[in-house]
Number of protein chains: 2
Amino acid sequence: MVTIHDVAARAGVSSATVSRFLRGQRVRSYEAIQAAIDELGYWPSAAAQSLKSGRTNTIGVVVPDITNPYFAAVVKGMESVTRTEPYRILLANSDESSEQEDDVLADLVRRVDGIILAPATEQDETPLHVRDADVPLVFVDRDLAGGERFDAVLVDNDGGGRQAAEHLLSLGHTRVAAISGNLDTTPGRLRREGFVGTLAKAGVEVPPEYDLVGDFKEHSGYQLTLSLLSLPEPPTAVFAANNLMTLGALKALHDMRIDIPGQISLIGFDDLDTGPLLRPPLTVVDRPMFEQGVLAMRLLLRRLDPGDGGGLASRVVLDTKLIERASTAPPGGHPSPARTRKTRSR
Amino acid sequence: MVTIHDVAARAGVSSATVSRFLRGQRVRSYEAIQAAIDELGYWPSAAAQSLKSGRTNTIGVVVPDITNPYFAAVVKGMESVTRTEPYRILLANSDESSEQEDDVLADLVRRVDGIILAPATEQDETPLHVRDADVPLVFVDRDLAGGERFDAVLVDNDGGGRQAAEHLLSLGHTRVAAISGNLDTTPGRLRREGFVGTLAKAGVEVPPEYDLVGDFKEHSGYQLTLSLLSLPEPPTAVFAANNLMTLGALKALHDMRIDIPGQISLIGFDDLDTGPLLRPPLTVVDRPMFEQGVLAMRLLLRRLDPGDGGGLASRVVLDTKLIERASTAPPGGHPSPARTRKTRSR
DNA sequence: AGCGTTACTGACAACGGTTTCAGTTAGCCG
DNA sequence: CGGCTAACTGAAACCGTTGTCAGTAACGCT
């Protein structure tokens, strides 16, 4: 490895002078130094710079699953901000597991200047210890119990659940099922509460056998939908609390040859790139994804700015938006005889 | 920040002893040291360790677009390998631009022990300079002209193009269009060559107005499909050379109310999670994604293993597989009168 | 010429670990 | 109890860079 001393020796100056040249200060022998750098192919060691400065110019990002298009878009938003900055992103998957999350955080605090985290559960308080290491922490998508003093970029999950419920109510559905995500995550809990609560206020109860809890992964959406279909009286509408579970639900409905929205209406949370191209085009509650990443990274970089470090926690909450497509319709839109009779007899 | 010296002072030993304890050596006063570490909340500084050891335990990964489900899956595969290792992933997007790629590589070589790269073009030789910095380099998905001496995990793009062509030929198509990706990338060039070459051998020429070149992004698939539709004699089948352009093509065909596969058959490259759920379910040339990431990371880690560093470049080429679904059919399957007449009159 | 100012320079001490080297202590044996 | 070995220890050097400090040279001015 070629060091600053090698460059200094070749240019006939001291390493201090080379260092000054590198940092843009005026230096007498800049031609010789530049020549030496080029000839030797010198690059300053990031490790040595970090040790000296105490900064790594690295941001740790921990998400549950990078193959979830939502998180991929969020990360891309973050990346678009760091592009013009000297920062890079250290990426880790927690796989929706707080053990893995804890492991990874313990490692990250030693390596990064700040962390953006979508916590696997609301309950695990370990991430708060990150603060002990004086590493600024920003939450994205999900919050933590007791995390109010941290910056966060969230969406109005409760409102999103409400929008989904209101949409189904307006279509006249009364037998409505919910496939929620882990209830110990912010979005899992709040989307369900917004959805079920809104229905309840309108006099529509969601019985236990319709009130299912998955894990935000496609497989659970598939399985839980199958279990709904096996009920003596299946629902006429299903709300799936994220993109992957919606996909799972859609697959199950296809596999069981259920007509959507004729027999069952399906509404999801989070739009997909392929949303309009699906059979049928999906009705979803949408929210800004790329933008959430951008905002979270901006918040974190502001914390890292020595001029502007302190200050109260900024908690940004973005709005959701209903996108009506063709996967929802009034109950019994394309009646399948047996089932519709039951519906009407209620 | 609490250092090893603080721990040493509190435990009443020297920092050398603490260091030995941390590295698992036997030490007389281990209780006192462990206690001091716990009470002070000590974590070793990664920067100092890197400076001393010359290793960062970080792998740089550069992909054109993390929101492309293919690359997201590849990165997840890589991550699954590093999970059980002390390594972390530094992620960067090149956005299909070799300038951004060069910038990012110049920064990465200073920070990482090795790099996995899906180069933006075959022609830019800058990545080869990475070797100057003694940073092992593994190519994934795409290759580089003159990169034969580097490890690489690729797929048989030529064979994939051939499979697509043979499928369309077997259905009887003779007016066939190709929407290729950047021809200065390995997959862009080879998929087109495999596709067009196979057709030519069967006596089916692809005229210039059917032989289009996009940039692997959705928008180009959309635009180029529109341009095909505006021809006096549109093709009866279209091959789109990656997942995003296929989606763009599908959107364009929907927007123009073209019946698939009745009026036009569509075949893509790379399967999508939503592939079977689309209107219509897409016929695609598929390939292992997660596995490609796993293999690339394993190759790189083997290079980094001091016991097993040298050795010839390993070049892994995986096979593609045709998945027949409903977006392809014989020409004129659902004849639209005007067009089919032309087809037949040929 | 003598003085003060400005512009630049190199030696050196950090930053926080790890490793070597030269002890020192404890333990064992005769 | 003396001698020998094995087990552990601390001082110090080092990794590559940056910042401080004390100079030195060049220049302009009286």
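Every chain is numbered from 1, with letters handed out A, B, ... down the list of sequences. Since the structure is predicted, the reported quantities are computational estimates derived from the model, not experimental observations.
Between A/Arg189 and A/Asp184 no salt bridge is recorded (no basic side-chain N to carboxylate O distance below 4.0 Å). A salt bridge links A/Arg303 with A/Asp151: at least one charged nitrogen is closer than 4.0 Å to a carboxylate oxygen.
With hydrogens and angles left out, the side-chain atoms of A/Ser94 and A/Gln100 include no donor and acceptor closer than 3.5 Å. Judged purely by distance below 3.5 Å, without hydrogens or angles, the side chains of A/Thr67 and A/Asp65 pair a donor atom with an acceptor atom.
To the nearest 0.5 Å, the span separating CD on A/Gln34 from OG on A/Ser29 amounts to 11.5 Å.
One atom, CZ of A/Arg23, and another, P of C/dC8, lie 17 Å apart when rounded to the nearest Å. For the pair A/Arg55 CZ and D/dT18 C1', the interatomic distance rounds to 15 Å; values are reported in whole Å. Straight-line distance from the CD atom of A/Gln49 to the C1' atom of C/dC15: 13 Å, rounded to whole Å. In this structure, A/Tyr30 atom OH and C/dT9 atom P are separated by 12 Å, rounded to whole Å. Between the CZ atom of A/Arg28 and the P atom of D/dT24 there is a distance of 14 Å, rounded to whole Å. Nucleotide C/dT9 holds its P atom 11 Å from the CZ atom of A/Arg26, rounded to whole Å. Counting to the nearest Å, the C1' atom of C/dG10 and the CD1 atom of A/Ile4 are 13 Å from each other. Spacing between atom CZ of A/Phe21 and atom P of D/dT18 amounts to 13 Å, rounded to whole angstrom units.
In terms of phosphate contacts, A/Ser14 brings a side-chain nitrogen or oxygen within less than 4.0 Å of OP1 or OP2 of C/dG10. Taking only side-chain nitrogens and oxygens, B/Ser45 never comes nearer than 4.0 Å to OP1 or OP2 of C/dG16. Here B/Thr3 does not reach the OP1 or OP2 of C/dG16: none of its side-chain N or O atoms lies under 4.0 Å away. At the phosphate of C/dG17, OP1 or OP2 sits under 4.0 Å from a side-chain N or O atom of B/Tyr42.
The 5' end of DNA chain C is approached more closely, in terms of each residue's nearest nucleotide, by A/Ser29 than by the other of A/Ser29 and A/Ser15.
A donor N or O paired with an acceptor N or O is found under 3.5 Å between the base of C/dG10 and the side-chain atoms of A/Arg20. A donor-acceptor contact under 3.5 angstrom links the side-chain atoms of A/Lys52 to the base of D/dT18.
In this structure, of D/dG19, C/dT19, D/dG16, it is C/dT19 that holds the atom nearest to the side chain of B/Ala16.
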